[in-house]
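Just below is one structure, and these are the notes that go with it.
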Amino acid sequence: MNVSVIVPAAGQSTRFGESDKLIQDLGGRPLLIRTIELLSKREEVNQILVGAPPEDLEQFRERFAATLGFLGATVVEGGRVDRWETVQNALHHVSPDATHIAVHDAARPGVSMALLDRLFEAARSKAAVVPGVRINSTVKRVSSESETVRAIEEDGVADAILGEVGRVEIETLKVLETVSREDLMEIQTPQIFDADLFRRAYAQEDLSGTDDAMLVERLGESVYVVEGDVGNLKVTTPSDLTLIRAVMGVRGPEKRPVHKQF
Ligand code: CTP
Ligand code: MG
């Protein structure tokens with residue numbers, strides 16, 4: 001098994017807020033480096049391609065290329081808007097010797113070795129394998145438009161002093177239906193594919209979607225799920241960063257001695 005891994009890292013961290021989520025401190029190293037370290041430890045992996053933001057390519061290279069090079073990873077130009085563009089661009093650089101192509105979000109630093117074991121083992125007999133976790137919560141479909149509820153101020157004095165500032169607005173969404181959670185799973189990355197199948201999937205006209213397996217499904221080919229890992233969180237918002245630090249048992253930079261901060 002000769003695996004090339006594409007790591008999309010060209011996103012804009014819009015939901016994370018001000019800063020780039022991939023440079024956040026995770027136990028003394030940037031989040032992106034943590035993600036790559038795990039992949040670089042696998043003997044099945046012979047190539048790691050990191051898809052970087054095209055508009056900040058030089059800055060990204062200055063910041064990461066040396067460390068990534070040390071880990072055996074190469075920086076390539078990603079896509080500007082959609083994740084699939086990043087994967088498509090990186091695909092041009094995949095080694096012709098690769099028997100399998102995997103895609104793993106840069107924003108998922110918590111993937112475990114046990115999960116990689118399951119995934120690579122299943123990929124020896126199935127051409128498309130993704131990790132998934134069962135949904136344990138009740139799932140409801142809700143309205144796309146929200147309705148704002150304005151809290152009635154009981155305290156007239158506070159209202160008079162604070163004016164509009166003292167008012168609380170709460171967004172509500174209307175429940176349309178409850179969806180049966182039976183047989184529903186939340187899908188993660190890494191996702192791994194037979195190299196030829198993956199190239200066929202990306203040769204299609206319509207590449208829109210939220211993951212790579214969708215494109216294989218669009219071809220009419222089967223995709224198989226192995227058990228994922230609840231700790232394999234995708235860092236989307238700042239609270240996810242707090243969660244992933246707890247999962248990985250690392251402290252935030254402010255809690256480390258000054259000489260170990262960066
Ligand atoms: N990604 C990418 N190229 C894009 C968009 C996303 O390589 N054009 C990457 C991100 O860097 C991330 C992964 O795809 O590692 C998953 O995307 P997401 O979590 O949505 O990250 P962002 O797009 O950066 O965040 P947001 O959607 O909040 O802007
Ligand atoms: Mg995004």
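One-based numbering, in listed order, for ligands and for the atoms of each. Just so it is clear, the values below take in all heavy atoms, side chains as well, and ignore hydrogens, waters and symmetry mates. Positions are given from 1 along the sequence. Quantities reported herein were computed from a predicted structural model and do not represent experimental measurements.
Ion pairing between Glu227 and Arg134 fails under the 4.0 Å rule for side-chain N and carboxylate O.
The proximity of Thr236 to ligand 1, defined as any non-hydrogen pair under 4.0 Å, does not occur for either the backbone or the side chain. For Ala10, heavy-atom contacts with ligand 1 shorter than 4.0 Å involve the backbone as well as the side chain. Contacts between Val7 and ligand 1, counted as non-hydrogen atom pairs separated by less than 4.0 Å, are absent for every part of the residue. Counting heavy atoms closer than 4.0 Å to ligand 1, residue Thr86 contributes side-chain atoms (C-beta onward) but none from N, CA, C or O. Only the side chain of Lys21 comes within 4.0 Å of ligand 1, counting heavy atoms alone; its backbone N, CA, C and O stay farther away.
Close contacts between ligand 1 and Ala107 involve ligand atoms 15 (O) [criterion: under 4.0 Å to a heavy atom]. Here is the list of ligand 1 atoms found below 4.0 Å of a heavy atom in Ala106: 15 (O). Near Asp82, meaning under 4.0 Å from any of its heavy atoms, are these atoms of ligand 1: 4 (C), 8 (N). Numbered from 1 in the order shown, with element, the atoms of ligand 1 that lie under 4.0 Å from a heavy atom of Ser13 read 22 (P), 24 (O), 25 (O), 28 (O), 29 (O).
Through side-chain heavy atoms spaced under 4.5 Å, either directly or across other Ile, Leu, Val, Met, Phe, Trp or Tyr residues, Leu219 is tied to Ile6, Leu49, Val76, Trp84, Val87, Leu91, Val94, Ile101, Val103, Val130, Met185, Ile187, Phe193, Leu197, Phe198, Tyr202, Leu207, Leu215, Val216, Val223, Val225.
In this view, Phe64 and Phe60 satisfy the ring-ring contact (aromatic ring centres under 6.0 Å, His included) rule, not counting sequence neighbours.
Of the N and O atoms on the side chains of Thr99 and Asn2, not one donor lies less than 3.5 Å from an acceptor on the other residue.
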